[in-house]
Amino acid sequence: MKRENQTQVTEFVLVGFSAFPDLQGVLFVVFLLMYLMTLAGNLAIMAVIQIDRHLHTPMYLFLGVLSFSETCYTFVIIPKTLVDLTAESTTISFPGCVAQMFFFLGLGGTNCIILTVMGYDRYLAICHPLRYGSLMSSHIFVKLMAGSWISGFLLSLFETTLIFWSPFCGSNIINHFFCHMRPVLRLACTDSNTTEVAISMMSMLGLSGSFLFIVLTYLLILGTILRLPSASGEREKAFSTCAAHLTVVVMHFGFASIIYLKPSPRGTLEEDILMSVPYTILTPFLSPMIFTLRNKEIKSALRKAFGKRIFSQKM
């Protein structure tokens, strides 16, 4: 039933990390350092892929697009969180909340699809090497990237519209550190159970569908790798090519499933916040490190780029 005689909500209050008052100073320093390192890592990957022509292949171009998407993804959440950790007022306007949720869901969905496409690219490169050039041409690459962004933001538009279609005229306190779907939806004046179930189903289908597709591609990749002669060194090269991507996939989808596929959607404030930190802050922080440390060509290109820069400065 709609709540009567109540003022329409024009802004929300983010409870954030007020549940951990003694840790807010420490959290600010930790999150700030992680954010700066995340930015530095992603910007370094994008720069070195742009500079080094040897990395102008679909595999690394996909990685560059993923780094750009994750840079935008962290920008949507972390700066506002850092401000709220030091500010007395932790409000966010109604349009600001809508925009934050839209871009968070859109970029998160885009990241999932890009990781799925990267798995498909590895499958074509390893299982169909002779036809790889035609199956993953520049034209197809552009279509896959455009499709990833369009699909991610179309789904976000649908979910955000579904959530904010209901009127908000009661409490404006969001029990989270950003405009997360479920805490916001619980503030609606109307019964939100049906909407929550619909959104949970969409999230479940999207995450499980993408993850199962990646699992299928890696099963096919594994079958191909095991047929390669072990003495030639091709097995080791193929495994090293896939290791970083597979690590990020497990981490990304694992943390996402904890948030969106957990059986009980109504946990305590502390649980909801702590469960969201790995997906929103830790995963983007670790992702560029994993792709850099586990990839010899990226490391080599970075050494060349920074080595030339240091040498030119000394001169």
Side-chain angles (χ1 to χ4, degrees), residues 38-39 41-74 106-129 131-155 206-207 209-218 220-221 224-225 237-253 256 283-302 305:
T38 301
L39 285 179
N42 283 322
L43 291 175
I45 289 174
M46 288 187 284
V48 76
I49 291 174
Q50 177 68 27
I51 294 170
D52 195 329
R53 292 187 177 182
H54 294 95
L55 301 181
H56 289 184
T57 62
M59 173 182 173
Y60 294 104
L61 293 176
F62 282 130
L63 176 57
V65 175
L66 179 65
S67 296
F68 173 74
S69 179
E70 287 199 333
T71 300
C72 298
Y73 175 81
T74 55
L107 292 165
T110 299
N111 289 345
C112 288
I113 300 171
I114 292 175
L115 286 170
T116 305
V117 172
M118 290 174 73
Y120 175 65
D121 174 67
R122 292 298 81 212
Y123 160 74
L124 293 180
I126 294 174
C127 299
H128 302 282
R131 299 173 57 203
Y132 178 74
S134 60
L135 293 175
M136 188 54 71
S137 63
S138 58
H139 183 65
I140 294 175
F141 168 81
V142 171
K143 282 188 173 181
L144 287 172
M145 284 297 91
S148 299
W149 285 83
I150 292 171
S151 300
F153 277 93
L154 279 178
L155 180 61
L207 285 172
S210 298
F211 185 71
L212 289 175
F213 182 85
I214 294 173
V215 170
L216 176 61
T217 59
Y218 271 101
L220 296 172
I221 288 171
T224 300
I225 290 176
K237 182 180 178 181
F239 276 123
S240 64
T241 300
C242 299
H245 174 256
L246 190 57
T247 303
V248 173
V249 164
V250 172
M251 181 176 62
H252 181 92
F253 283 89
T283 299
F285 167 72
L286 293 175
S287 180
M289 295 177 61
I290 293 171
F291 277 119
T292 302
L293 296 176
R294 299 297 298 271
N295 191 292
K296 294 181 180 179
E297 292 190 24
I298 290 285
K299 287 192 292 186
S300 176
L302 284 171

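Every heavy atom of this structure was used, including side-chain atoms; hydrogens, water molecules and symmetry mates were not. Computed from a predicted structure; not experimentally measured.
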Subject >> Donor-acceptor pair, side chain of Ser69 and main chain of Val65, under 3.5 angstrom >> reply: no
Original post:
Heavy atoms, side chains only, cut-off 4.5 Å: are His54 and Tyr60 in contact?
Top reply: no
Original post:
With a 4.5 Å heavy-atom cut-off, do Leu216 and Tyr123 have their side chains touching?
Top reply: no
**OP:** For Phe253, look at atom CZ and say whether over 12 heavy atoms of other residues, nucleotides or ligands are found less than 6.0 Å away.
**Re:** yes
Original post:
Hey, are the side chains of Trp149 and Ile113 touching, using non-hydrogen atoms and a 4.5 Å cut-off?
Top reply: no
Subject >> Test item: Phe291 and Val248 side chains (from C-beta on) under 4.5 Å apart, heavy atoms >> reply: yes
Original post:
Looking only at heavy atoms, what is the nearest atom pair of Thr74 and Thr71, with distance?
Top reply: OG1-O, 2.9 Å
Original post:
Is there a side-chain contact between Leu220 and Thr224 (heavy atoms, below 4.5 Å)?
Top reply: no
Subject >> Closest contact, heavy atoms only, Gly108 versus His252 >> reply: O-NE2, 4.3 Å
Original post:
Is a side-chain N or O of His245 found less than 3.5 angstrom from the main chain of Leu115, in a donor-acceptor match?
Top reply: yes
Original post:
Nearest heavy-atom pair of Pro288 and Thr38: which atoms, and what distance?
Top reply: CG-O, 4.3 Å
**OP:** Report the distance from atom CG of Leu66 to atom CG of Asn42, rounding to the nearest 0.5 Å.
**Re:** 7.5 Å
**OP:** Provide the closest heavy-atom pair for Leu61 versus Phe141 in the form atom of the first, atom of the second, distance.
**Re:** CB-CZ, 3.4 Å
Original post:
Are side-chain heavy atoms of Met118 and Ile214 found at a separation under 4.5 Å?
Top reply: no
Original post:
For Leu63 and Ile298, which heavy atoms make the closest approach, and how far apart are they?
Top reply: CD2-CD1, 4.2 Å
Original post:
Out of curiosity, Arg122 CZ to Thr217 OG1, how far, rounded to the nearest 0.5 Å?
Top reply: 11.0 Å
Original post:
When you look at NZ of Lys143, are more than 12 heavy atoms from neighbouring residues, nucleotides or ligands closer to it than 6.0 Å?
Top reply: no
Subject >> Close side-chain approach of Ser151 and Leu155, heavy atoms under 4.5 Å >> reply: no
Original post:
What is the distance from atom OH of Tyr120 to atom CG of Leu135, rounded to the nearest 0.5 Å?
Top reply: 6.0 Å
Original post:
Any sub-3.5 Å donor-acceptor pair from Ser287's side-chain atoms to Thr283's backbone N or O?
Top reply: no
Original post:
What closest approach, in Å, do Cys127 and Pro129 show between heavy atoms, and which atom pair accounts for it?
Top reply: C-CD, 3.4 Å
**OP:** Report, as yes or no, whether the 6.0 Å neighbourhood of atom OH on Tyr132 holds more than 12 heavy atoms from other residues, nucleotides or ligands.
**Re:** yes
Subject >> Interatomic distance, Leu144 atom CG to His139 atom NE2 [nearest 0.5 angstrom] >> reply: 10.5 Å
**OP:** Could you walk me through whether Leu107 and Phe153 pass the side-chain contact (heavy atoms from CB on, under 4.5 Å) test, one step at a time?
**Re:** CA-CA 7 Å; Leu107 292 165; Phe153 277 93; 3.9 Å; yes
Original post:
Taking only residues two or more places apart in sequence or in another chain, which ones pass side chain to side chain donor-acceptor pair (under 3.5 Å) with Ser148?
Top reply: none
**OP:** Kindly indicate whether the side chain of Cys242, heavy atoms from C-beta on, has any atom under 4.5 Å from the side chain of Ile126.
**Re:** yes
**OP:** Enter the distance from Arg53:CZ to Gln50:CD here, rounded to the nearest 0.5 Å.
**Re:** 10.0 Å
Subject >> Phe62 side, atom CZ; Asp121 side, atom CG - distance, nearest 0.5 Å >> reply: 5.0 Å
Original post:
For Met289, does its backbone N or O pair with a side-chain atom of Thr292 as donor and acceptor, under 3.5 Å?
Top reply: no
**OP:** Could you walk me through whether Met251 and Ile290 pass the side-chain contact (heavy atoms from CB on, under 4.5 Å) test, one step at a time?
**Re:** CA-CA 11 Å; Met251 181 176 62; Ile290 293 171; 3.8 Å; yes
